[in-house]
Each structure stands twice: as C-alpha cells, then as structure tokens.
There are 2 protein chains.
Amino acid sequence: MAKNYTPVSAASDVETIFKMLEGRWKLIILFHLFGGKVQRYSDLEKLIPGISQKMLAQQLRQLEADGIIERKVYPVVPPKVEYRMSEWGQSLCPALDALLKWAEARPAELKVG
Amino acid sequence: MAKNYTPVSAASDVETIFKMLEGRWKLIILFHLFGGKVQRYSDLEKLIPGISQKMLAQQLRQLEADGIIERKVYPVVPPKVEYRMSEWGQSLCPALDALLKWAEARPAELKVG
DNA sequence: CAGTATCCGGGTAGATACTG
DNA sequence: CAGTATCTACCCGGATACTG
C-alpha cells in the first residue's frame with residue numbers, strides 16, 4: 001500500500017470513502033455522470049425513477065461538497081443547472097471497476113445463496 | 001469494463017458490493033483479517049474496542065454468509081472459533097487499495113473542508 | 001469462550017406541500 | 001426549472017441481560 005496503513009487507519013480511510021459514496025442514490029447519480037456526461041437536475045429526475053426532489057438535491061449537494069461532482073448554474077429564467085463529474089470524481093471509475101471485477105470473481109456456489 | 005454495464009446495472013452491482021462491506025464494523029474486522037491473519041472471536045473483541053458482542057457476531061455472520069470470511073469451529077471446551085479471510089475475500093484487498101489511492105489523489109483544497 | 005435475546009433511541013430516507 | 005420545508009416511519013446499531 002502507498003501509506004503506512006494499520007488495520008484501524010485503513011479501515012477508517014475506506015469508511016470515509018464509503019460515506020462519500022453510499023447513500024440511497026449516490027451511485028446511480030454517479031453512473032449517470034461517468035464518461036463526461038452532463039445532466040440537468042430535471043434530466044436526473046427522469047433518469048432515476050422513484051427519487052424525490054429532496055433526495056436528489058441532498059445527494060447532489062453532498063457529492064458536490066465532497067468534490068466528486070461539479071454544479072454549474074446558468075443565470076437564466078427558467079433556471080438551468082448542470083451537473084458533471086469533477087476530474088477527480090471521474091478518476092473514481094477505475095477503482096469502482098476493481099470492485100466490480102472482484103464481485104465477478106466470486107465463487108459460483110455463492111452467487112445463488 | 002468487463003461486462004455490458006448500463007448506468008443502472010453498474011450502480012446496482014456496486015451497491016450490492018457496498019451492502020456486503022458497509023455496516024458499522026465490517027471493514028475494521030476485515031482489515032484485522034487481511035494478510036492471512038487468523039483471529040478468534042475474543043481476539044476481535046479485544047482488537048475492536050467499543051464493539052458489542054451482538055454486533056461482532058452479526059457482522060461476522062454476514063461476512064461469512066457473503067463468502068468473504070470463513071469460520072472454523074473447534075469442538076472443544078471451552079469453545080474455540082477462528083475467523084480468516086476466504087480466498088476470494090483476500091482478493092478484495094487490491095480493490096480497496098484502488099479506492100485508497102483514489103482518496104489520496106483528492107485535490108488538496110478539498111481535504112480541509 | 002462464544003455467542004443469543006430483548007428493548008430502545010437516533011438518524012436517514014420517504015411523502016407531501018410549498019417557492020424564487 | 002430547480003429546488004426547500006416539514007413531518008413521519010423505519011431500521012440500524014447500542015445497551016443490557018442471559019446461556020450452551
């Protein structure tokens with residue numbers, strides 16, 4: 001590993017990362033923005049059935065505060081707001097890929113139960 | 001990516017992974033088992049201050065059910081139970097490393113606020 | 001030693017209504 | 001269009017007590 005990790009510090013660092021990414025809707029928002037895609041608030045509402053306006057706004061705020069996504073407001077009427085991944089946020093993709101690869105390597109007998 | 005991911009399926013797959021790893025104590029348990037370390041129930045109790053017996057047992061059961069760790073019971077009195085990573089569980093390490101690397105690449109201006 | 005059983009409180013998400 | 005505000009319900013985790 002890159003740093004001097006102890007079991008406690010490594011777990012705590014990963015927990016910090018998880019806190020940034022978990023939450024009922026964050027991942028699905030992120031995957032709708034990966035690859036440089038730009039989406040308006042209303043686009044995301046349509047892309048994510050079942051999400052409430054409160055939750056969409058809240059999760060977007062948190063992702064923005066953590067620097068994973070960027071929010072751009074156009075001073076027009078009616079309002080127009082765009083969301084996109086930050087450069088750093090985009091670089092999350094390979095790490096999530098590693099997790100997906102790991103899941104695919106799961107022994108077959110476990111995939112059912 | 002390896003499979004035919006849509007934003008929805010990729011998010012859902014990652015969520016499944018997160019559900020296996022999140023939970024108040026799972027990561028710290030895992031990091032105390034990574035590297036082939038073997039721990040008894042009472043070892044983990046000592047290594048993880050603040051955890052209750054209920055939570056320790058519960059998180060261990062879930063990790064075992066997901067195939068990430070293995071549980072070995074010795075039929076002796078007093079009881080002796082050992083926990084270790086499964087082969088697949090051990091292979092989670094590089095994926096978590098990728099996440100840690102990602103966190104380290106976070107722009108400096110964000111690390112404070 | 002290695003667990004279960006039970007009760008309880010706080011936080012997160014859902015539903016609904018309202019607004020610049 | 002892009003949000004806030006408020007109320008409520010549920011579930012996770014903590015505390016405590018008990019057991020093969």
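Order of the sequence lines sets the chain letters (A, B, ...), proteins ahead of strands, with each chain counted from 1. No hydrogens, no waters, no symmetry mates; every other heavy atom, side chains included, goes into these values.
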> Do the side chain of B:Glu22 and the main chain of A:Glu22 share a donor and acceptor less than 3.5 angstrom apart?
Replying inline: no
> Looking at A:Lys37 and A:Phe31, what are the two nearest heavy atoms and their distance?
Replying inline: NZ-O, 3.8 Å
> Looking at five pairs on each end of the helix from C:dC1-D:dG20 to C:dG20-D:dC1, what is the angle between the two axes, given to 10 degrees?
Replying inline: 60°
> Which residue pairs pass the ring-ring contact (aromatic ring centres under 6.0 Å, His included) test when at least one of the two sits in residues 59-101 of chain A, sequence neighbours left out?
Replying inline: A:Trp88-B:Trp102
> Is there a donor-acceptor contact under 3.5 Å from the side chain of B:Gln59 to the main chain of B:Ile29?
Replying inline: no
> Is there a side-chain polar atom (N or O) of B:Arg40 under 4.0 Å from OP1 or OP2 of C:dA2?
Replying inline: yes
>> Can you measure A:Leu56 atom CG to C:dA13 atom P for me and round it to whole angstrom units?
In response: 13 Å
> B:Lys26 and B:Leu21: side-chain contact (heavy atoms from CB on, under 4.5 Å), yes or no, with the steps?
Replying inline: CA-CA 6 Å; B:Lys26 282 186 183 174; B:Leu21 301 178; 5.8 Å; no
> When every nucleotide of nucleotides 3-15 of chain D is labelled 5' to 3' by its protein contacts under 4.0 Å (heavy atoms), B for base, S for sugar-phosphate only, - for none, what sequence of letters results?
Replying inline: BBBB------BBB
> Tell me: NZ of B:Lys72 to C1' of C:dC1, nearest whole Å?
Replying inline: 18 Å
> Can you check the B:Glu15 CD to C:dA13 P distance for me, whole Å?
Replying inline: 12 Å
> What do the steps show when you test B:Met85 against B:Ile68 for side-chain contact (heavy atoms from CB on, under 4.5 Å), and what is the final call?
Replying inline: CA-CA 6 Å; B:Met85 302 299 295; B:Ile68 299 173; 3.9 Å; yes
>> Could you go through A:Val14 and B:Leu30, starting from their C-alpha distance and side-chain angles, then the distance that decides it, and tell me whether this counts as side-chain contact (heavy atoms from CB on, under 4.5 Å)?
In response: CA-CA 11 Å; A:Val14 176; B:Leu30 291 182; over 6 Å; no
> Would A:Glu70 and A:Lys72 count as a salt bridge (charged side-chain N to carboxylate O under 4.0 Å, His left out) if you check the C-alpha gap in whole Å, the side-chain angles of each, and the deciding distance to 0.1 Å?
Replying inline: CA-CA 7 Å; A:Glu70 286 165 4; A:Lys72 183 166 186 182; over 6 Å; no
